[in-house]
Visitor: 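The structure under discussion is supplied below as structure tokens; questions concerning it will follow.
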Amino acid sequence: MRTLLSAALIASLAVTTTEQTRPGAGATRTATTAQADGKTIELFTLRNASGVEVQAISLGATITSWKVPDRSGQLGDIVLGFDTAERYLKGDSPYFGAVVGRYGNRIAKAQFNLDGKAFPLAANDGVNHLHGGKRGFDKVVWDGSIVKDGRGPTVAFRRVSPDGEEGYPGTLEVRVTYTLTDKGELIVEYEAKSDKPTVVNLTQHSYFNLSAGAAADVLGHELRLNADRYTPVDATLIPTGELAPVEGTPFDFRKATAIGARIKNEHPQMQFGRGYDHNWVLARSTPDLVLAAEVLEPTSGRTLTVHTTEPGIQFYSGNFLDGKLAGKGGRAYGQRAGFCLETQHFPDSPNQERFPSTTLRPGEVYRSRTVFTTGAR
Ligand code: GAL
């Protein structure tokens, strides 16, 4: 009997290019039916030899699915998001899986000074600026391509952010790569150059739920953060400038603790964030990769470990999810359906002299690396 292929399937096969790096592992590139900025949004799939599969679309360099085996080998998708590229275009995604920039996290009163000049930015979070503004890096189409990398299948996303975009000075050339290794690592590398002094703080905004949909919230996940200080915030989630000890507070994750164990604690900081929505100061002994976070989902046995070159990590417990967004498979994402671990420089650094600098000057190269390792035990 002959197999009949539908016209749509043939069309989609025609635009698929495959690069096999080793048996079972590889990268593919496929055109989706969605278009924006006059470009077709493309879907990239990375697969490793042990069956882990990561998919990302060129809109926002967004990770749309991340399939990982549990302790019995059952594959499950550990990130929140939508089923189609079109759905991401609606503009109501709370940064599901996206790369956020030019400045991830908040800048107070939507303004900063650099070399004596004030730069007003879009106020898109009350009076503050959040995640790059009204049309941040998450909402634009990047140029994606499969690139050769000895470590594993790799997709590179590039874009040029024009001088003045969302109020930021300088033309910024940006490149983000995702490399999937056979050890279950997703290596995320960022590079940027500017032709004028500017500020840069790029991060990955995946929402994880390691139960892969089996649990409606992430409160049972056990989290460890390699940090003995955090940056307390005001009621609008802007750091006060203090680096406070976590000791004796619900922010102490130096020993693995369930996310839900203290989430209803009356600590005033927990009221501001409606739960966890803070930046932790990573314990760092080298400028290279250090351990930032370890997570275990006890039912499935899935684990996630995060290493980074960044000084901080925002642990956001999905507090603003309210069940109104229907995600993959029509599933309503209620409060705390997922959590984010955003490796980064501290929020509002451009206005905080004592925080590590986020200034990038012409001739310098911004480089940042984060490695997410998945596993099961
Ligand atoms: C997080 C941020 C939260 C919220 C969320 C998007 O990165 O810390 O406060 O803005 O993004 O809904």
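Order of appearance sets the numbers: ligands from 1, and atoms from 1 within every ligand.
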Visitor: Checking contacts here: is it the side chain or the backbone of L130 that comes within 4.0 Å of ligand 1, counting heavy atoms only? Could be both or neither.
Guide: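 L130 to ligand 1: side-chain contact only, backbone stays beyond 4.0 Å.
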
Visitor: Do any N/O atoms on Y95 end up under 3.5 angstrom from N/O atoms on ligand 1?
Guide: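 Checking ligand 1 against Y95, no N or O pair falls under 3.5 Å apart.
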
Visitor: Provide the closest heavy-atom pair for G170 versus K196 in the form atom of the first, atom of the second, distance.
Guide: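 Scanning both residues completely, I find the closest heavy atoms to be CA-CB, 3.6 Å.
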
Visitor: What do you reckon, are the aromatic ring centroids of F44 and Y178 less than 6.0 Å apart?
Guide: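 When the ring centroids of F44 and Y178 are compared, they turn out to be at least 6.0 Å apart.
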
Visitor: Give a yes or no on whether the ring-centroid distance for F251 and Y276 is below 6.0 angstrom.
Guide: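 Yes.
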
Visitor: Run the numbers for me: atoms of ligand 1, each under 4.0 Å from some heavy atom of E342, listed by number.
Guide: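 In order of number, 1 (C), 7 (O).
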
Visitor: Please work out, at 4.0 Å between heavy atoms, whether the side chain, the backbone, both, or neither of R106 comes within that distance of ligand 1.
Guide: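 The answer is the side chain of R106.
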
Visitor: Sub-3.5 Å donor-acceptor pair from the side chain of N226 to the main-chain atoms of L291, do we have one?
Guide: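 At least one qualifying donor-acceptor pair exists.
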
Visitor: Considering only the protein, which heavy-atom contact is closest to atom 5 (C) of ligand 1, and what is its distance?
Guide: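 Protein heavy atom at minimum distance: Y316 CE2, 3.7 Å.
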
Visitor: For atom 8 (O) of ligand 1, find the nearest protein heavy atom and state the residue, atom name and distance (0.1 Å precision).
Guide: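 Going atom by atom, the protein heavy atom closest to atom 8 (O) of ligand 1 ends up being D277 OD1, 2.5 Å.
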
Visitor: Quick one: do the E342 and N105 side chains pair a donor with an acceptor below 3.5 Å?
Guide: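 There is no such pair between these side chains.
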
Visitor: Verify the distance criterion only: is there a donor paired with an acceptor across the side chains of T45 and Q55 at less than 3.5 Å?
Guide: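 Yes, side-chain donor-acceptor contact under 3.5 Å.
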
Visitor: Just to confirm my output: which protein heavy-atom neighbour is closest to atom 1 (C) of ligand 1, and how far is it?
Guide: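 Going by distance alone, atom 1 (C) of ligand 1 is nearest to H205 NE2, 3.3 Å.
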
Visitor: Between ligand 1 and N105, is the shortest N or O to N or O distance under 3.5 Å?
Guide: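 No.
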
